Colleague: 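Supplied in structure tokens, the structure appears directly below.
Computed from a predicted structure; not experimentally measured.
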Amino acid sequence: MDMVNSFPFKEVSVGYRTVTLFSSDELEKAQIGYCIDTNGQSLTGNGDGDWLQSWLVIGYEDETGDPIFIDIF
């Protein structure tokens with residue numbers, strides 16, 4: 001995750017939208033509500049519409065608050 005901290009920016013704006021990227025120190029907390037709950041229990045599954053275990057939230061879009069995520073597998 002050192003690569004994440006080497007980015008020279010934390011936000012990218014296009015028009016009225018801004019994407020904010022998390023630092024490596026923020027990534028674990030950013031997963032709460034997506035792949036884990038506040039108690040650390042998994043929220044992932046393999047059904048239609050389930051959050052996949054291989055998805056990692058790396059940021060969010062400011063207008064809607066939608067997560068920006070990548071598939072790490």
Colleague: Got a list of side-chain donor-acceptor pairs under 3.5 Å for residues 39-47, not counting sequence neighbours?
Modeller:
unit_1: Ser42; atom_1: OG; unit_2: Thr44; atom_2: N; d: 3.2
unit_1: Ser42; atom_1: OG; unit_2: Thr44; atom_2: OG1; d: 2.8

Colleague: How would you list, by chain and number, every residue that makes a side-chain contact (heavy atoms from CB on, under 4.5 Å) with Thr18, sequence neighbours excluded?
Modeller: Glu11, Ser13, Thr20, Asp62
Colleague: Taking only residues two or more places apart in sequence or in another chain, which ones pass side-chain contact (heavy atoms from CB on, under 4.5 Å) with Tyr16?
Modeller: none
Colleague: Could you name each residue pair satisfying side chain to side chain donor-acceptor pair (under 3.5 Å) that touches residues 27-37, not counting sequence neighbours?
Modeller: none
Colleague: Glu61: what forms a salt bridge (charged side-chain N to carboxylate O under 4.0 Å, His left out) with it, not counting sequence neighbours?
Modeller: Arg17
Colleague: Out of curiosity, does Phe69 fall in the hydrophobic cluster containing Phe73 (side-chain heavy atoms, cut-off under 4.5 Å, transitive links)?
Modeller: no
Colleague: Just jot down the side-chain hydrogen bond (donor to acceptor under 3.5 Å, both in side chains) partners of Asp66, sequence neighbours excluded, or say none.
Modeller: Thr64
Colleague: Connecting only ILVMFWY residues whose side-chain heavy atoms lie within less than 4.5 Å of each other, what is the rest of Ile32's hydrophobic cluster?
Modeller: Ile36
Colleague: Would you list the pairs meeting side chain to side chain donor-acceptor pair (under 3.5 Å) in which at least one residue belongs to residues 48-59, sequence neighbours left out?
Modeller: Ser54-Asp71
Colleague: As an exercise, state the distance from CD1 of Ile58 to CG of Leu27, rounded to the nearest 0.5 Å.
Modeller: 8.5 Å
